[in-house]
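Remarks on the structure that follows.
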Amino acid sequence: MSIDPFDPAGWDDDGPAVPAPSAPAAQPFYLDGLNPEQRAAVEATDGPVLVLAGAGTGKTRVLTTRIAHLLHQNKAWPGQILAVTFTNKAAREMQQRVAALIGGVAEGMSWLGTFHSIAARILRRHAELVGLQPNFTILDADDQIRLMKQILAAEGMDEKRFPARSLATLIDRWKNRALTPDRLGSEDAHSFADGKGKQLYAAYQERLKTLNAADFGDLLLHVITIFQNHADVLEDWQRRFKYILVDEYQDTNVAQYLWLRLLARKWRNLCCVGDDDQSIYGWRGAEVGNILRFEQDFPGATVIRLERNYRSTGHILAAASGLIAANEGRLGKTLWTEDEMGEKVRVVGYWDGEEEARATADLIEGMRGRGRRLSEMAILVRAGHQTRAFEERFVATGLPYRVIGGPRFYERQEIRDAMAYFRVVMQPDDDLAFERIVNVPKRGLGDTTVQQLHVMARARGISLHHAASLIVETDELKPKARATLRDLIGNFARWRAAARDLPHTELAETVLDESGYTAMWQADKSAEAPGRLDNLKELVDAMAGFESLSAFLDHVALVMEIERGDADQDMVTLMTLHGAKGLEFPVVFLPGWEEGLFPSQRSLDENGLSGLEEERRLAYVGLTRARETAIVSHAANRRIYNQWQSAIPSRFIDELPRDHVQIEAQPGLWGGSAPEKPFGTALREDTFGTRGLSPGFQRAAARTIDLPVERMVATDNTGDDFVTGERVFHQKFGHGRITRIDGNKLDITFDKAGAKKVIAAFVTKA
DNA sequence: CGTTTTTGCCTTTTT
DNA sequence: GGCAAAAACG
């Protein structure tokens with residue numbers, strides 16, 4: 001069976017606002033094989049719909065089938081469907097699956113993408129309404145920080161006391177909540193740097209405007225501002241998007257929520273799919289409240305629960321369900337499967353991280369020997385750096401592996417440099433880019449010269465590039481610097497002119513050549529240089545797939561990764577739990593389930609109970625990635641910053657329902673410790689034996705003396721609080737003085753043994 | 001002005 | 001133990 005051909009004219013963005021009358025078919029093929037709930041979710045086309053889709057219940061299938069259904073029923077043209085996802089990965093997958101379902105018609109789905117990429121497209125069309133030009137630059141996190149530093153410096157603030165990072169985080173948070181500087185509440189306005197928060201935010205926005213740039217948060221926020229202030233523009237977009245679909249609704253923040261609500265107000269055909277139990281982006285401003293409140297926000301909404309799991313076997317599903325049940329404030333779902341019970345979740349304890357890596361590699365090899373493919377196995381970690389121990393082991397044993405989400409292509413120095421050149425060509429006022437490359441390669445335009453440019457730019461309120469073009473006509477610079485700068489400005493002018501008729505890939509090559517950038521790496525004798533040249537070539541190759549240089553710049557800013565063709569090789573996958581959302585593997589390893597690591601101490605400290613619950617959802621996401629085998633592990637000792645720290649098993653291990661878990665103690669290691677809690681007693685003081693103290697650690701110990709005492713509270717085994725500076729006694733190390741308290745870990749300078757890191761429970765007050 | 005050495009901070013997760 | 005920024009050096 002095939003779909004009726006659609007009129008290509010309707011695929012265009014500017015297709016008819018009202019689709020042709022519908023001609024329903026009897027039983028379209030794409031509905032085959034859907035369960036009743038899935039089918040209901042597909043067929044409930046009109047009005048607000050919330051699909052609560054548990055892990056592995058066919059969420060993406062529902063979304064893609066729904067799109068096929070809307071098109072097949074002639075409810076809308078492809079260009080009238082807005083489908084937003086949270087990640088590029090999800091967008092790509094949906095695009096592919098829609099195409100697989102309905103063929104070429106899917107190419108007309110031009111409004112399928114991430115929140116940010118779609119917002120950027122809308123913003124380009126109305127940039128002038130918020131004081132930007134249509135060719136504005138999208139700044140990434142790195143640019144953002146650098147800009148923030150300049151602002152803090154300009155305000156004469158101490159970078160040590162008020163780090164640019166913190167301000168950036170704060171402003172991001174405001175933007176996630178759709179707060180422009182003028183909308184900040186008085187509490188927020190004073191929350192940074194002695195009440196200067198609001199002022200700094202305003203200064204930052206002002207600066208962005210002169211740079212003709214927008215950061216990630218602005219993409220959404222500016223669109224909201226435009227929608228709120230220009231009814232006609234809003235009306236236009238509302239009319240266009242007859243049907244709106246949202247993936248991972250639980251991850252939306254306030255700004256995204258407002259954005260959706262504005263767009264959906266006319267037709268009210270908003271279908272949100274999500275799972276409150278998989279909300280793991282709270283730290284980035286996601287509001288679980290959005291999904292919990294859906295029915296109030298959109299009265300008359302249809303709510304459909306998908307609870308039949310098609311992914312995992314019984315024990316795994318039960319273990320995950322049991323774990324997540326410990327969270328409060330859930331919408332509640334009861335996942336079930338017709339699959340067999342299968343294997344229990346295995347919980348293994350190891351002596352240290354190294355053994356964990358070694359044993360995991362052995363398990364992987366064993367399974368491979370029994371016919372499993374490596375690509376069927378994944379190791380999911382809490383934090384990116386945890387992959388390292390495994391990588392080292394895999395390299396040593398020659399086990400093929402791939403790390404997803406490691407250092408990214410666009411973050412490499414040479415790529416950022418090249419991009420900076422392109423940015424200045426497209427957008428001369430992009431000071432951040434200009435500053436990055438004025439002296440790369442070295443051309444004798446150092447700090448002194450750049451400072452002069454800054455002075456002039458600030459005095460006249462113009463960009464560095466503009467200032468440079470003026471200053472070369474004066475005598476303010478030394479003749480040499482002036483000539484070099486004039487050359488550079490001249491080059492940019494020429495490249496800009498060439499951009500009009502030269503294909504953009506050729507332009508890119510010209511720029512990299514004539515600027516001397518390629519030559520710089522060719523002359524470089526270091527080991528990385530050839531790789532960098534390869535990367536530059538790859539960058540230019542990647543550009544070929546885009547219509548124009550500006551389209552490419554947008555892509556890089558928004559997608560930030562380059563398609564790699566190594567997907568077909570048989571390798572073990574290593575990635576973070578966050579990165580694994582939406583994926584599944586027959587075999588999943590979940591290492592590092594230890595208190596402090598997972599749940600992450602920082603998350604607990606900063607967000608208390610809600611932080612813990614988010615960590616628990618992360619654990620739930622991890623478990624539910626597994627189809628047949630899930631192996632949780634924890635190590636009693638781990639080396640962090642080159643010192644040994646001991647840890648107790650994660651509370652999440654205790655929360656796994658006993659009936660669905662198989663605890664495997666390491667034979668011989670512990671002389672037969674109790675299998676229910678293999679390492680509850682593993683807190684042994686000799687794990688802190690840091691004989692040769694590294695310089696770094698000595699420095700660390702030395703500089704902690706004058707730390708503030710407040711909120712640095714740890715508790716010993718009797719429940720007493722410690723304070724820095726207090727005298728304590730340790731069984732092995734003797735008497736000493738506390739220099740620093742971090743959670744339950746103490747830095748102590750012992751009278752005899754020197755500086756050590758010790759867990760509070762091992763010392764008593766002297 | 002550019003290179004080498006020392007220091008600080010670090011490890012949550014990402015559009 | 002590693003990386004980026006600051007500081008010290010040539």
Side-chain angles (χ1 to χ4, degrees), chain A residues 84-91 113-120 138-142 144-146 149 159-160 163-165 169 172 175-176 214-220 248 251-253 255-256 279-286 380-389 392 404-405 407-408 410-411 413 439-450 478 480-481 484 556-561 575-581 592 596-607 611 614-615 617-618 621-622 638-643 645 694-700 702-704 742:
Chain A
V84 278
T85 65
F86 202 65
T87 65
N88 294 299
K89 200 171 67 187
T114 63
F115 275 101
H116 289 90
S117 68
I118 286 170
I138 300 170
L139 298 188
D140 63 25
D142 197 77
Q144 217 180 113
I145 301 285
R146 290 195 302 147
K149 273 186 186 158
E159 167 75 36
K160 296 264 147 52
R165 263 221 108 60
T169 311
D172 260 353
K175 289 186 176 177
N176 286 336
D215 66 19
F216 266 83
D218 282 340
L219 297 177
L220 285 149
E248 308 278 19
D251 287 333
T252 52
N253 60 37
Q256 288 159 335
S279 164
I280 55 175
Y281 284 102
W283 52 274
R284 218 176 74 188
L380 309 181
V381 295
R382 174 70 239 282
H385 65 90
Q386 289 174 263
T387 59
R388 214 167 97 198
E392 279 169 13
I404 308 277
R408 299 179 181 199
Y410 85 102
E411 282 174 333
Q413 182 192 340
N439 204 27
V440 180
K442 301 269 181 311
R443 43 172 80 90
L445 299 171
D447 274 356
T448 332
T449 316
V450 175
K478 292 193 196 118
K480 214 154 135 203
T484 321
V556 174
L558 291 165
V559 177
M560 297 178 174
E561 59 192 44
M575 63 174 135
T576 64
L577 288 159
H578 283 88
K581 192 160 75 150
L597 227 195
F598 190 38
S600 135
Q601 189 58 49
R602 186 156 161 192
S603 188
L604 265 42
D605 290 347
E606 284 171 12
N607 300 305
E614 182 152 316
E615 295 285 306
R617 290 193 290 267
L618 205 45
V621 167
R638 222 170 260 284
R639 196 164 50 181
I640 298 171
Y641 311 134
N642 210 23
Q643 325 165 46
Q645 292 207 182
S694 71
F697 182 63
Q698 282 170 351
R699 267 187 274 124
R703 101 182 108 80
T704 49
D742 177 18

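First the proteins, then the strands, lettered A, B, ... as listed; each starts at 1.
- If you find the closest nucleotide of DNA chain B to A:Gly444 and to A:Gly579, the one lying nearer the 5' end belongs to A:Gly444.
- At B:dG2, one or more side-chain N or O atoms of A:Asn439 fall inside 4.0 Å of OP1 or OP2 (strictly under the cut-off).
- Atom pair A:Phe216:CZ and B:dT14:C1' shows a separation of 9 Å (rounding to whole Å applied).
- Between the side chain of A:Glu614 and the main chain of A:Gly282, a donor-acceptor pair closer than 3.5 Å is present.
- Looking at residues two or more places apart in sequence or on another chain, you find a ring-ring contact (aromatic ring centres under 6.0 Å, His included) between A:His116 and A:Phe216.
- Looking at the side chain of A:Asn88, the nearest of the listed nucleotides C:dA5, B:dT15, B:dG2 is B:dT15.
- Between A:Asp251 and A:Lys581 there is a side-chain heavy-atom pair separated by less than 4.5 Å.
- Between the side chain of A:Asp215 and the backbone N or O of A:Leu139, no donor-acceptor pair lies under 3.5 Å.
- In this structure, A:Arg146 places its CZ atom 13 Å from C1' of C:dA5, rounding to the nearest Å.
- Here, C:dA6 and B:dT11 have their C1' atoms 22 Å apart, quoted to the whole Å.
- Helical stems in DNA chain C, defined as runs of 3 or more consecutive Watson-Crick or G-U wobble pairs with both donor-acceptor distances under 3.5 Å, are listed by first residue as B:1-9 with C:2-10.
- OP1 or OP2 of B:dT14 has at least one side-chain nitrogen or oxygen of A:Thr576 nearer than 4.0 Å.
- Taking atom CG of A:Leu618 as the reference point, atom C1' of B:dT14 lies 13 Å away to the nearest angstrom.
- Candidate nucleotides C:dA5, B:dT15, B:dG2 were compared by shortest atom distance to the side chain of A:Arg284, and B:dT15 ranks first.
- With rounding to whole Å, A:Asp215 atom CG is found 14 Å from B:dT14 atom C1'.
- Nearer to the 5' terminus of DNA chain B, by closest-nucleotide assignment, is the contact made by A:Lys478 (compared with the other of A:Ala383 and A:Lys478).
- In this structure, of C:dG1, C:dA5, B:dT15, it is C:dG1 that holds the atom nearest to the side chain of A:Arg388.
- Rounded to an integer number of Å, the gap from A:Leu604 CG to B:dT11 C1' is 16 Å.
- When rounded to the nearest whole Å, the span between NE2 of A:His578 and P of B:dT11 equals 15 Å.
- The salt bridge (charged side-chain N to carboxylate O under 4.0 Å, His left out) search around A:Asp140 returns A:Arg416, not counting sequence neighbours.
- Aromatic stacking of A:Tyr281 on B:dT13: not satisfied for centres closer than 5.5 Å together with planes under 30 degrees.
- A pairwise comparison of heavy atoms in A:Leu597 and A:Gly592 identifies CD1-O, 3.8 Å as the closest pair.
- Atom CZ in A:Phe86 sits about 11 Å away from atom P in B:dT14, given to the nearest Å.
- Judged purely by atom type and a 3.5 angstrom limit, A:Gln386 uses its side chain to pair as donor or acceptor with the backbone of A:Ala383.
- For A:Phe115 and B:dT14, the CZ to C1' distance is 15 Å, given to the nearest whole Å.
- Side chain of A:Asn88 to backbone of A:Thr114: no donor-acceptor contact under 3.5 angstrom is found.
- A:Gly384 comes within 4.0 angstrom of the backbone, heavy atoms only, and of no base.
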